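In what follows, a structure is listed as structure tokens, so that the remarks can point back to it.
Counting from 1, the numbers follow the sequence of the chain as shown. If you're wondering where the values come from, they're calculated on a predicted model, not measured in any experiment.
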Amino acid sequence: MRIARFSIDGNVAFGAVEGDKPDELVLDIIKGIPFADFELSGTKVPLSKVRLLPPVLPNKVVAFGRNYAEHARELGNEVPDAPFAFFKPSTAVIGPGDEIQYPSFTEDLHHEAELAVVIGRMCREVPRERVKDVIFGFTCANDITARDVQKREKQWARAKGFDTSCPLGPWVETDLDVRTASDLTIQLTVNGEQRQLGRTSEMIHSIEDLIVNISEAMTLLPGDVILTGTPAGVGPLTVGDEVAVTIEGIGTLTNKVVKRG
């Protein structure tokens with residue numbers, strides 16, 4: 001099931017996305033919230049009549065860096081022996097169609113296409129065999145990065161945590177299991193030109209590894225998001241660019257870069 005979060009006539013709701021053709025998609029509005037038992041209302045609205053929002057509002061976004069060997073090497077970094085985590089604040093999250101604001105403090109803004117895992121229940125110290133039970137679904141992400149700031153500063157809070165640096169969407173796909181999600185095509189285009197192309201099977205540390213690792217340290221809450229790293233091919237964005245992340249079996253997340261006002 002594809003679960004979207006949307007706004008219509010000033011109201012915010014969740015809905016199940018139905019249909020196959022992009023111009024014929026409809027939303028069946030959900031009664032309640034999708035992290036608990038819910039029912040479909042049977043009230044349907046065309047997707048074209050709503051504004052899609054970030055599919056979840058995470059308490060925290062835990063991102064893992066250098067989790068694809070070729071990406072680590074393209075930036076001259078060592079491949080880490082253990083998962084390498086950092087945070088993006090909730091204020092960084094935007095949805096499909098929202099604008100990525102080019103910060104005034106960087107001159108080298110980069111795209112990073114990523115598979116995002118959405119947590120479905122409160123959990124801590126998750127054993128590997130139970131990881132599948134705490135995952136709600138998967139979505140597309142773009143870990144927008146101020147590369148010059150990342151290189152210059154000792155930690156990545158400003159380089160990766162600024163407002164609009166975490167596009168998510170277009171919806172959460174709940175029908176993918178961990179095994180399937182671990183071997184999907186992931187690609188990114190800028191103005192229609194392909195920049196990144198890889199497979200999630202190229203991850204150094206698996207989805208299970210990442211969730212076991214971070215849940216050893218902290219409690220994960222429903223709606224929290226885990227970013228699993230980016231394949232090779234990262235590169236610069238400029239004002240006016242349209243950047244799109246497409247992940248097999250999930251969908252396409254598209255955003256435009258604008259100058260921060």
Show your reasoning for whether side-chain contact (heavy atoms from CB on, under 4.5 Å) applies to Ile144 and Thr164.
CA-CA 8 Å; Ile144 304 296; Thr164 76; over 6 Å; no

Should the pair Arg73-Glu70 be classified as a salt bridge under the 4.0 Å nitrogen-to-oxygen rule?
yes

Do Lys160 and Thr145 pair up side chain to side chain, a donor and an acceptor below 3.5 Å, judged on atom types alone?
yes

Lys44 meets the salt bridge (charged side-chain N to carboxylate O under 4.0 Å, His left out) criterion, sequence neighbours left out, with Glu18

Considering only NZ, NE, NH1 and NH2 on the basic side and carboxylate oxygens on the acidic side, decide whether Arg128 and Asp209 come within less than 4.0 Å.
yes

Measuring only between side-chain heavy atoms, which start at C-beta, is Ile211 closer than 4.5 Å to Ile119?
yes

Can a cation-pi geometry be assigned to Arg66 and Phe84, taking NZ or CZ under 6.0 Å from the six-membered ring centre and within 45° of the ring axis?
yes

Does Arg147 pair with Glu112 as a salt bridge, N-O distance under 4.0 Å?
yes

Assess whether a salt bridge exists between Asp183 and Arg199, defined as any Lys/Arg side-chain N lying under 4.0 Å from an Asp/Glu carboxylate O.
yes

Counterpart residues, salt bridge (charged side-chain N to carboxylate O under 4.0 Å, His left out), relative to Asp148 (two or more places apart)
none

Lys NZ or Arg CZ of Arg121 over Phe136 ring: under 6.0 Å, within 45°
no

Check: Leu115 and Ile250 side chains under 4.5 Å, non-hydrogen atoms:
yes

Name all pairs fulfilling the side-chain hydrogen bond (donor to acceptor under 3.5 Å, both in side chains) condition that reach into residues 211-235, sequence neighbours left out, sorted by first residue then second.
Lys60-Asp224, Gln196-Thr230

With no hydrogens and no angle check, is any side-chain donor or acceptor of Asn255 less than 3.5 Å from a backbone partner on Asp98?
yes

